[in-house]
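Working notes, structure below.
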2 protein chains.
Amino acid sequence: MYLLLEIMARKKQYQEDVVVEKAMNLFWRNGFEATSMQMLEKEMGINKFSIYSSFGNKHGLFLESLKSYKRKVNFIFEAFKNSNNGIEDIKEFFYNSVNICKEAGNQKGCLVTNTYNEFSEKEDEQIQEQMNLFMNNLKELFIDKLKSDANKEEATILKQANYLVLAKHGLAAASRVNSEKEIEDYIEMTFQNL
Amino acid sequence: MYLLLEIMARKKQYQEDVVVEKAMNLFWRNGFEATSMQMLEKEMGINKFSIYSSFGNKHGLFLESLKSYKRKVNFIFEAFKNSNNGIEDIKEFFYNSVNICKEAGNQKGCLVTNTYNEFSEKEDEQIQEQMNLFMNNLKELFIDKLKSDANKEEATILKQANYLVLAKHGLAAASRVNSEKEIEDYIEMTFQNL
DNA sequence: TAAATACCTAAACGTTTGTTTAGTTTAATG
DNA sequence: CATTAAACTAAACAAACGTTTAGGTATTTA
């Protein structure tokens with residue numbers, strides 16, 4: 001009776017983090033609603049039963065996909081934190097973000113921004129929490145960088161940080177429909193205002 | 001036999017442009033996919049049969065809703081065209097746009113931008129055509145205004161017009177999740193260097 | 001008032017949705 | 001090698017989707 005937990009009968013034939021990343025790519029391209037379990041089965045290469053036993057339901061799988069996305073883009077944030085060129089780092093961050101948005105020729109935008117838009121009218125606490133976490137974190141990072149200019153007042157810093165978050169938001173949306181040249185012009189002009 | 005077309009048996013108990021506006025508001029709030037025929041029936045106050053006989057199908061109703069949206073926001077464009085304060089007019093246009101986006105306390109964004117996002121991955125010629133029409137028209141209007149400054153070079157004008165279209169795009173997305181104060185700061189900063 | 005026909009109600013259509021369940025296969029343990 | 005339990009396959013589930021159809025109602029014209 002008590003030993004049951006220790007008995008391994010058969011190992012999973014897939015790694016959860018591997019199939020989650022595949023699911024994430026599908027959600028990224030199509031959004032939550034427009035991605036069906038049938039599509040997920042095919043893309044992930046495992047059966048519906050396996051999906052449900054590993055992630056509970058579609059919603060749980062989506063939450064795990066968001067985490068997978070964060071892991072995927074984490075290297076940008078690391079590079080961002082480890083550099084010390086002030087505002088220039090933020091611009092670099094913007095360019096890196098756009099490159100991810102246009103990954104592999106697809107115009108998928110940013111999964112977080114897409115999710116923000118798709119869920120903004122719904123009331124989903126778990127998703128909202130993930131979103132707020134992401135956005136607040138981003139804002140804090142911008143504030144830190146802006147503080148490297150000692151001449152700036154606190155109020156100016158907050159205003160500029162907010163400006164940058166919105167610009168990033170808009171950029172992610174624009175990256176789905178605009179050309180590379182248009183995006184580049186947009187970024188350059190955005191930073192002329194700082 | 002030949003007179004059948006002239007005989008009016010019973011008049012419609014609804015006006016098409018009236019129920020379309022109601023449908024438009026629902027699409028505006030929820031997007032195309034997330035709005036079901038059941039919801040539309042309830043909101044429009046007419047039966048499914050009536051919807052199908054008037055608009056063909058859900059897609060046809062959505063296209064009519066887009067046109068209804070254009071009629072609704074048209075007064076902003078008229079005010080924009082009839083004023084002669086150059087760049088200041090564009091800023092005014094941005095503020096007016098945001099006010100519509102936040103209509104009645106709801107944070108619905110801009111129907112065109114929302115649609116742009118929802119349909120960007122699909123291949124829907126009719127929708128794409130409507131979108132491009134709207135966006136190109138907007139860009140042309142911006143270009144006209146920017147030309148009122150005779151000192152500006154042609155290349156600068158094009159670059160700035162493009163910048164403004166993307167900013168408008170981002171603003172519409174941001175208006176769904178950001179506060180009025182944040183939006184205002186964002187607009188002011190956007191126009192700082194034009 | 002009677003005939004004609006467009007409109008409306010309401011039920012049903014076939015798919016597809018997310019989710020569950022029963023039955024089979026696989027592999028680790030005693 | 002037999003036992004055991006987890007992981008697999010595949011079929012079925014109810015509910016909701018967009019769409020269609022049949023039958024009753026209402027109103028205009030002659």
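In the text below, chain A, chain B and the rest are named by the order of the sequence lines, each starting its count at 1.
- As a whole-Å value, the separation of A:K12 NZ from D:dC8 C1' is 12 Å.
- Using a 3.5 Å distance cut-off with no hydrogens or angles, the side chains of B:T156 and B:E153 do not pair a donor with an acceptor.
- Taking the six-membered ring where the residue is Trp, B:Y163 and A:Y186 present tilted rings, their angle falling between 30° and 60°.
- Relative to the six-membered ring of A:F80, A:K145 meets both conditions, a distance below 6.0 Å and an angle of at most 45° to the axis.
- Against DNA chain D, the stretch residues 28-63 of chain B makes heavy-atom approaches under 4.0 Å through B:T35, B:S36, B:M37, B:Q38, B:K48, B:F49, B:Y52, B:N57, B:K58.
- Here C:dA6 presents its C1' atom at 13 Å from CD of B:E16, a figure rounded to the nearest Å.
- The aromatic rings of B:F32 and B:F119 sit tilted, their planes meeting at an angle between 30° and 60°.
- When only modelled atom types and interatomic distance are considered, B:H59 and B:D124 share a side-chain donor-acceptor pair under 3.5 Å.
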